[in-house]
Amino acid sequence: MSQPALTSNNLDAFWMPFTANRQFKKNPRLFVGAEGMYYKTADGRDVLDGTAGLWCCNAGHARPRITEAVQRQIAELDYAPAFQMGHPHAFELAARLSALMPSPLDHVFFTNSGSESVETALKMAIAYHRVRGDGARTRLIGRERGYHGVNFGGISVGGIVSNRKMFGTLLGGVDHLPHTHDLSRNAYSRGQPESGAEYAEELIRLIQLHDASTIAAVIVEPVAGSTGVLIPPKGYLKRLREICDQHGILLIFDEVITGFGRLGSPFAVEHFDVTPDLVTTAKGITNGVIPMGAVFCSRDVHEAFMTGPEHLIEFFHGYTYSGHPVACAAALGTLDTYEEEGLLTRAAELDGYWADALHSLRGTRHVIDIRNIGLIGAIELEPIAGEPTKRAFNAFLKAYEAGVLIRTTGDIIALSPPLIIETAQIDQLVDTIKTVLESLD
Ligand code: PXG
């Protein structure tokens with residue numbers, strides 16, 4: 001297939017998401033193919049995928065079972081109405097997904113992205129209290145440095161200033177826990193930091209301020225990904241669960257990143273042995289191949305809605321593409337791949353090698369912290385004085401030139417390779433980053 005010409009003309013129309021558009025279009029970075037652990041660039045180079053696309057291609061690229069499932073499905077049933085009609089694969093997928101979650105998280109609502117999963121979960125939480133006659137519980141508690149997608153609910157409970165400040169007053173009735181990132185006590189932690197469980201007690205302060213009777217739900221990422229890999233201190237998530245239980249507040253885990261094997265268990269729920277009431281997912285559900293998201297909810301939450309006359313809709317929410325047949329096929333092919341190759345637990349097998357490789361960068365120029373959990377790693381850099389984010393962005397550009405794709409956020413390099421990575425590729429990733437950092441101003 002011939003490649004489209006790369007003139008500045010035809011780069012103009014596309015307003016790229018979360019991208020420095022002007023910088024990009026002066027010197028574009030285009031992928032034209034992908035297989036296994038590698039992307040292929042428009043100029044013919046192989047680039048090692050250190051980020052699983054955007055934390056989504058957990059099984060790597062061009063996986064035959066997924067490709068074939070999608071091709072078959074499009075030919076067989078391209079679309080079925082999502083409301084008041086169904087198709088078998090959506091039911092099959094929901095059952096298989098719920099089997100991956102501990103009881104009682106056994107119902108699944110389909111969306112098309114992480115952002116939609118978050119909006120769905122927040123609405124479910126507020127409506128849950130209302131259908132039970134507890135309609136004053138409308139308040140939502142998020143966390144500083146949380147990322148819950150880009151829709152209004154998600155940016156309201158989220159805690160990233162640049163994602164919030166341009167967009168007015170957002171949702172009312174939202175408050176935030178402090179984040180748990182504390183380099184003064186926890187720098188160079190391997191796995192969960194020892195200190196900081198007491199940050200969970202801040203929830204009690206918010207409950208005292210607002211009164212539990214006004215609070216619907218607390219939403220947190222078990223491991224915050226987008227803001228630079230913030231790993232929960234030991235005991236922190238369990239304590240959040242206890243406090244929510246004591247006060248009748250629903251707990252939502254946003255597992256858009258941690259879901260589907262990233263931590264070495266199918267979900268963070270199992271990894272941390274903490275069971276929330278709702279779990280949001282997306283990304284790895286289809287290996288990134290077709291947009292899809294899902295919200296898991298507990299039996300209690302689901303049952304609360306299943307009252308009233310049977311011909312009436314129980315939850316006034318859903319998307320044209322909820323449970324899209326092609327997305328379901330991609331997800332089923334993805335689950336087959338994960339299961340056949342043991343990928344949902346592979347991060348646990350690689351944990352020691354991964355941690356050693358990352359922490360070998362300690363002492364490298366500019367590095368002020370290294371942290372890891374599952375197959376996630378972060379290397380925090382000293383910012384250039386007066387020019388935050390620039391050093392990490394330069395590292396990203398240089399690493400790309402050197403054949404390795406990394407992600408940066410602020411002055412943090414975040415790594416999340418596909419779960420199929422081999423040890424030699426871990427070495428390639430880490431060695432390239434070392435060379436890049438040593439060469440940076
Ligand atoms: N919740 C969490 C925890 C996420 O990480 C979303 C919701 C939103 O998902 P959608 O599918 O609407 O984008 C996310 C998305 C990065 C990066 O580099 C992270 C995300 C997306 C793009 C880049 O850290 N997370």
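Counting starts at 1 for both ligands and their atoms, in listed order. Because the structure is predicted, anything quoted here is derived from the model rather than measured.
The shortest heavy-atom distance from E116 to ligand 1 is not under 4.0 Å.
W55 NE1, 3.1 Å is the protein heavy atom nearest to atom 16 (C) of ligand 1. In terms of protein heavy-atom proximity, atom 22 (C) of ligand 1 is nearest to L54 CD1, 3.7 Å. In terms of protein heavy-atom proximity, atom 18 (O) of ligand 1 is nearest to R407 NE, 2.4 Å. From the protein, the heavy atom lying nearest to atom 15 (C) of ligand 1 is Y147 CE2, 3.3 Å. In this structure, the protein non-hydrogen atom closest to atom 21 (C) of ligand 1 is K283 NZ, 3.1 Å. Given atom 1 (N) of ligand 1, the protein heavy atom at minimum distance is D254 OD2, 2.7 Å.
A heavy-atom distance below 4.5 Å is not found between the side chains of H302 and M124.
Checked against a 3.5 angstrom limit, the closest N/O atoms of H148 and ligand 1 fall outside it. Here's the thing with G114: one of its N/O atoms is less than 3.5 angstrom from an N/O atom of ligand 1.
In this structure, CG in N58 is found 11.5 Å from CD1 in I285, a value given to the nearest 0.5 Å.
With ring centers used as reference points, F267 lies under 6.0 Å from F260.
E341 has a carboxylate O that lies under 4.0 Å from a charged side-chain N of R63, or vice versa, which qualifies the two as a salt bridge. Residues E382 and R365 are not paired through a salt bridge, judged by the lack of any N-O separation under 4.0 Å between the basic side chain and the carboxylate. A salt bridge is defined here as a Lys NZ or Arg NE, NH1 or NH2 lying under 4.0 Å from an Asp or Glu carboxylate O, and K398 with E401 fails to meet this definition. Ionic pairing of R391 and D411 is not present here: no N-O contact between side-chain nitrogen and carboxylate oxygen is shorter than 4.0 angstrom.
Comparing G149, A414, G228 against atom 7 (C) of ligand 1, the shortest heavy-atom distance belongs to G149. Among P291, G288, S226, G225, the residue whose heavy atom lies closest to atom 19 (C) of ligand 1 is S226.
Numbered from 1 in the order shown, with element, the atoms of ligand 1 that lie under 4.0 Å from a heavy atom of S113 read 11 (O), 12 (O). Contact atoms of ligand 1 toward I257: 5 (O) (distance under 4.0 Å to a heavy atom of the residue). Of all the atoms in ligand 1, the ones that sit under 4.0 Å from a non-hydrogen atom of E221 are 3 (C). Of all atoms in ligand 1, listed by their number and element, those nearer than 4.0 Å to a heavy atom of S115 are 8 (C), 9 (O), 10 (P), 12 (O).
Judged by distance alone, with hydrogens and angles left aside, the side-chain atoms of R346 form no donor-acceptor pair with the main-chain N or O of G264 at under 3.5 Å. Although no hydrogens or angles enter the test, the distance criterion places no donor-acceptor pair under 3.5 Å between the side chain of E116 and the main chain of T120.
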Given the rule in the salt bridge (charged side-chain N to carboxylate O under 4.0 Å, His left out) test, do D182 and R185 qualify, once you have shown the distances and angles that lead to the verdict? CA-CA 6 Å; D182 186 352; R185 290 193 289 170; 2.8 Å; yes
